[in-house]
Amino acid sequence: MQVYKTFIKIALRNLGLAIMYISIFTSLSFALANSSKNNDPLDFEDTKIDIAVIDKDNTDTSKAVYDYLDKVHNIKDIGDDEESINDELYFKNVMQVIILEKGFEDKVMAGNTEGAIVSYESPGSNSSYIVSNQIDTYVSTLVTYMKAGYSKSEAFGKTENVVLEDVKVSFPDNEEPPKPDALSYFFTFVPYMLFCALLNIVGPMVMVWNRPEIRTRTAISSMKFSTRTGAVFGAMTTCSLGVLAIFGLLAFIVYKDAFIGQVSIYYMLNTTAYLLVCLALVFLIGNLTSKQQMLAVFSNVIGLSTSFIGGVFVSRSLLGDAVVNFSKCIPTYWYINVTEELKFFDGTLSNLAWKSMGVQLLFAVAIFAIAMFIIKFRQQKAN
């Protein structure tokens, strides 16, 4: 009992850093959840970009393109010399400069616009493809109408009607678009914060247990090895359950209405599976290093990297196929599998979700096995 109490005291000394991680996590998830409440998928407005259009052709076609761009963006007047263009782009007075070169109309009518349009973008701007795509759409539509036999004026009118036509998006009566479960914002970020909290609470405990002087002193005491080991694992389990309880309590306080239901049980089961992974990983790290300063390194290297690759901080839809395939080798991927399904929970959990929780448990067992192998190897080497 004395060993158990001692390690609990060690854990409590590092509680402050864990609370900091948990506070940041809670604030972030709460902010994301509140912002999502104001997002209506039917609310969309085209973004008008500040651009400049220099018409060197001065023909009916170039003027039609100018008028079209003036309706969908904010056209600003600037000088047409190179220095003025560079200054406007550098200071971001405009995000893009479009130059309609001489012979623009002839090239458009011939169906070949190569060299007819010159575009300059502001450094770091990601909006240039929007304007360029709109010009390409306008020109290709105009050419299609011209080839169909319409006069130039008729083609201009029909092209403008097409490119400016609003697309109406609606849902069937009495049917709303699906919205992610509020708890999903909270539990999506759990892997990183759970690992950091356990690393800073349980990590020092394991490192103290592995100090040579502590091992030697306890080895010659009257207490059995199994008793001492049981006390250490008991303290680790107590701290882990305490952290899990804190996460559950925070979820209940912040998302009280959403937390009371079947979906919260599945969220907690998935979190418990990942907690065992984190506990095994922290136990392994505690046996690999004797310096507490290294915990911050492991927190950043392992916590951040697995969170980015596994889909915690960045949606997996934005990651490349190679990254997603590689992330299957880490437990975070399987945790996110379950949270992604629970976002739109329909009352039943798929076999894939149960399999994902099972894979996390296998990861925990494998990591614990590696840690125990290291301990045994050190014991044999010492003997």
Could you give the distance from [atom1] ([X]) to [atom2] ([Y]), rounded to the nearest 0.5 Å?
X: Ile117; Y: Ile99; atom1: CD1; atom2: CD1; answer: 11.5 Å
X: Ser140; Y: Ile135; atom1: OG; atom2: CD1; answer: 11.5 Å
X: Thr159; Y: Leu142; atom1: OG1; atom2: CG; answer: 4.5 Å
X: Ile85; Y: Ile78; atom1: CD1; atom2: CD1; answer: 5.5 Å
X: His73; Y: Lys48; atom1: NE2; atom2: NZ; answer: 9.0 Å
X: Ile309; Y: Leu304; atom1: CD1; atom2: CG; answer: 11.0 Å

- Message: Run Ile285 and Leu199 through side-chain contact (heavy atoms from CB on, under 4.5 Å) and show every step you take.
- Response: CA-CA 9 Å; Ile285 293 172; Leu199 186 63; 4.0 Å; yes
- Query: According to the side-chain hydrogen bond (donor to acceptor under 3.5 Å, both in side chains) rule, which pairs have a member within residues 315-332, sequence neighbours left out?
  - Reply: Tyr274-Thr332, Ser315-Ser317, Arg316-Asn337
Which heavy atom in [X] sits nearest to a heavy atom in [Y], and how many Å separate them?
X: Thr339; Y: Phe187; result: CG2-O, 4.2 Å
X: Lys71; Y: Leu164; result: CD-CD1, 4.0 Å
X: Leu194; Y: Thr271; result: CD2-O, 4.0 Å
X: Cys278; Y: Leu198; result: CB-CD1, 3.7 Å
X: Ala353; Y: Glu341; result: CB-OE1, 3.6 Å
X: Val97; Y: Ile54; result: CG1-CD1, 4.1 Å

Sequence neighbours left out, cut at 3.5 Å: what donor-acceptor pairs do the side chains of residues 235-254 make with other protein atoms?
{"unit_1": "Thr237", "atom_1": "OG1", "unit_2": "Phe233", "atom_2": "O", "d": "2.8"}
{"unit_1": "Thr238", "atom_1": "OG1", "unit_2": "Tyr4", "atom_2": "OH", "d": "2.8"}
{"unit_1": "Thr238", "atom_1": "OG1", "unit_2": "Gly234", "atom_2": "O", "d": "2.8"}
{"unit_1": "Ser240", "atom_1": "OG", "unit_2": "Met236", "atom_2": "O", "d": "2.8"}

Student check: side-chain heavy atoms of [X] and [Y] closer than 4.5 Å:
X: Phe368; Y: Phe363; answer: no
X: Val94; Y: Ser122; answer: no
X: Thr289; Y: Phe298; answer: yes
X: Leu342; Y: Leu349; answer: yes
X: Tyr266; Y: Gln262; answer: yes
X: Val108; Y: Met146; answer: no

- Query: Phe195: what forms a ring-ring contact (aromatic ring centres under 6.0 Å, His included) with it, not counting sequence neighbours?
  - Reply: none
- Item | Tyr66: partners by ring-ring contact (aromatic ring centres under 6.0 Å, His included), with sequence neighbours left out | none
- Task: Taking the six-membered ring for Trp and the single ring otherwise, decide whether the centroids of Phe313 and Tyr192 are under 6.0 Å apart.
- Result: yes
- Should Met109 and Thr61 be marked as a side-chain contact (heavy atoms from CB on, under 4.5 Å) after you check the CA-CA gap, both sets of side-chain angles, and the distance that decides it? CA-CA 9 Å; Met109 298 307 168; Thr61 303; 3.3 Å; yes
If two hydrophobic side chains count as joined below 4.5 Å and joins carry through other members, does [X] share a cluster with [Y]?
X: Val139; Y: Tyr150; answer: no
X: Phe373; Y: Val282; answer: no
X: Val338; Y: Leu352; answer: no
X: Ile302; Y: Phe326; answer: yes
X: Phe186; Y: Ile265; answer: yes

- Item | Evaluation steps, side-chain contact (heavy atoms from CB on, under 4.5 Å), between Tyr267 and Ser184 | CA-CA 9 Å; Tyr267 273 121; Ser184 65; 3.4 Å; yes
- Ser151 and Glu154: CA distance, side-chain angles, deciding distance, side chain to side chain donor-acceptor pair (under 3.5 Å) verdict: CA-CA 5 Å; Ser151 65; Glu154 290 176 330; 3.3 Å; yes
Between [X] (side chain) and [Y] (backbone), is there a donor-acceptor pair under 3.5 Å?
X: Asn93; Y: Leu89; answer: no
X: Ser62; Y: Thr59; answer: yes
X: Asn287; Y: Ala371; answer: no

- Query: Does any pair with a residue in residues 98-113 pass salt bridge (charged side-chain N to carboxylate O under 4.0 Å, His left out), and if so which ones, sequence neighbours excluded?
  - Reply: Glu105-Lys152
- Query: Are Ser84 and Asp87 linked by a side-chain donor-acceptor pair shorter than 3.5 Å?
  - Reply: no
- Query: Among side-chain atoms of Gln360 and Asn270, is any donor-acceptor pair under 3.5 angstrom?
  - Reply: yes
- Message: Run Tyr335 and Met357 through side-chain contact (heavy atoms from CB on, under 4.5 Å) and show every step you take.
- Response: CA-CA 7 Å; Tyr335 174 90; Met357 284 190 274; over 6 Å; no
- Query: So with a 6.0 Å cut-off around CG of Asp81, is the heavy-atom count from everything else above 12?
  - Reply: yes
- Item | Within 6.0 angstrom of Asn351 CG, more than 12 heavy atoms from elsewhere | no
- Pairs where residues 86-144 contributes a residue and the test ring-ring contact (aromatic ring centres under 6.0 Å, His included) is met, not counting sequence neighbours: Tyr68-Tyr138
